[in-house]
Amino acid sequence: MVTSWRFCRRLQGVDVSYLVRDTIDTRALLERVSDDTRGGAVLFCGTVRAGPDDGPVKAIEYSAYDQMAESEFANIVAEAAERWPDVALELEHRLGRVPVGEASIAIAAAAPHRAEAFDVCRFVIDETKVRVPIWKREFRDDGETRWRSNEPMSAED
Amino acid sequence: MVTSWRFCRRLQGVDVSYLVRDTIDTRALLERVSDDTRGGAVLFCGTVRAGPDDGPVKAIEYSAYDQMAESEFANIVAEAAERWPDVALELEHRLGRVPVGEASIAIAAAAPHRAEAFDVCRFVIDETKVRVPIWKREFRDDGETRWRSNEPMSAED
Amino acid sequence: MNTGITVHCLFFARYAEIVGRTDLELELSRGSTVADAVDRVRSDVAGGHDLPTTPLVARNQQHVKFDSVVEDGDELAFLPPLAGG
Amino acid sequence: MNTGITVHCLFFARYAEIVGRTDLELELSRGSTVADAVDRVRSDVAGGHDLPTTPLVARNQQHVKFDSVVEDGDELAFLPPLAGG
């Protein structure tokens, strides 16, 4: 069974969730990973998109299997830490209704060498898409809603 | 000979330099590349480092062959735009004295699909390191200064 | 002696809409696999036939394959196609 | 008719320290290459022998190879190992 230590990360002695319900403060994430020994920092932001192929999207509502999502994020972070021990990593995924243009996920990685910071960010977003139990429902201008997914057949990437 | 249009980019009708002398506003860079059609944004920050192998670095002073540096940045941006036409890209490189922990360069790229945003950021920083005529002199706690470079034999990556 | 086991099934997002509920208790014979549990849900639960034949399933909050054996007290989560990120 | 050409040499960063100046005019014979210009600077300019034999050189603000022919009025920039980023 999953034990409680896997549900959240501790930050300066306080339990912090990877899942948040408010606007993600990307600057704070970047600051948390930065220090004088890490010369390269990479921030990835996934934002709610309303492109020409997306139709009249107004917002996306994210929901999760919260406990498992926290646990999978913790696993991904632990795997990254094992593979890239010099890299500092922070991430947050937003739940609830996210308007077009706002971030649903932000990942910050900093490392002594820039290649590692890029690699960690890509690893984390790629793993998130295929492992973390989060779902999204699109709200459209015409009042319709529809479930969307990361699968190749879907319009999302 | 280099013509003046290559020295700078135009932003809302105003000529803007890739080279700046103040703190880089990374949030502004990210905002300039973001729009509703671009779901993935990547920000790279190269910061002045004082790691265990770097010695007692206090600050780094960057200088440039300004006109050629602006021109090379413009070339890199144009090459990125040709190779990744859907990607929006902004960058700034700081000159003058930059204290440890502050950014010497920031690159922001946003794209409909995240892979392209990552690829563009890496392309731009990799090309910058090998093409743009910028130099740095390290100021150390003991009062010494020394020139550093991006070459493999140097301690920098 | 009772040879049956009970697993707790969870349904999320679109799957919760399809079956009209977020969880249920499922009785299975000992030695049943995840595949057996999915088959039972699809055949016995109202709306269950509208679930895919091979949904993503997590057992005790870990992704599992369909041939995994389930045990008494397990939690089986039926996960629609993921959309995080 | 004068068959010589004049190129304007620029020195940056550590190279400016080495030669103790940031620029100079160099007279060369027509048809000279970048390599010829570098040789002349290394042999004729005070401190020039402390420059590397094959420094990075930009001609009219573009990176060039050593066998490029230089023309009258060209600007040749002597670039120390780059350190941008």
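The model shown is predicted, which means the values in this text are computed figures rather than measured ones. A note on names: the letters A, B, ... follow the listed sequences, proteins ahead of strands, and every chain is numbered from 1.
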Leading residue by heavy atom contact count with chain B [cutoff under 4.5 Å; candidates A:Asp126, A:Thr47, A:Ile107, A:Val48]: A:Thr47
Determine which pairs satisfy ring-ring contact (aromatic ring centres under 6.0 Å, His included) with at least one residue from residues 124-143 of chain B, sequence neighbours left out, and list them in order. B:Trp135-D:Phe12
So for atom CG, which belongs to B:Asp141, do other residues, nucleotides or ligands contribute more than 12 heavy atoms lying within a distance under 6.0 Å? yes
Between CZ on residue A:Phe118 and CG on residue B:Asp119, distance to nearest 0.5 Å: 9.5 Å
Contacts of residues 35-44 of chain A with chain B (heavy atom under 4.5 Å): A:Asp36, A:Thr37, A:Arg38, A:Gly39, A:Gly40, A:Ala41, A:Val42, A:Leu43, A:Phe44
What part of A:Leu30 gets within 4.5 angstrom of chain B, counting heavy atoms only: side chain, backbone, both, or neither? side chain
Between atom NZ of B:Lys129 and atom CZ of A:Arg114, what is the distance when rounded to the nearest 0.5 Å? 4.5 Å
Can you tell me how far apart CZ (B:Arg122) and CZ (A:Arg122) are? Round to the nearest 0.5 Å. 7.5 Å
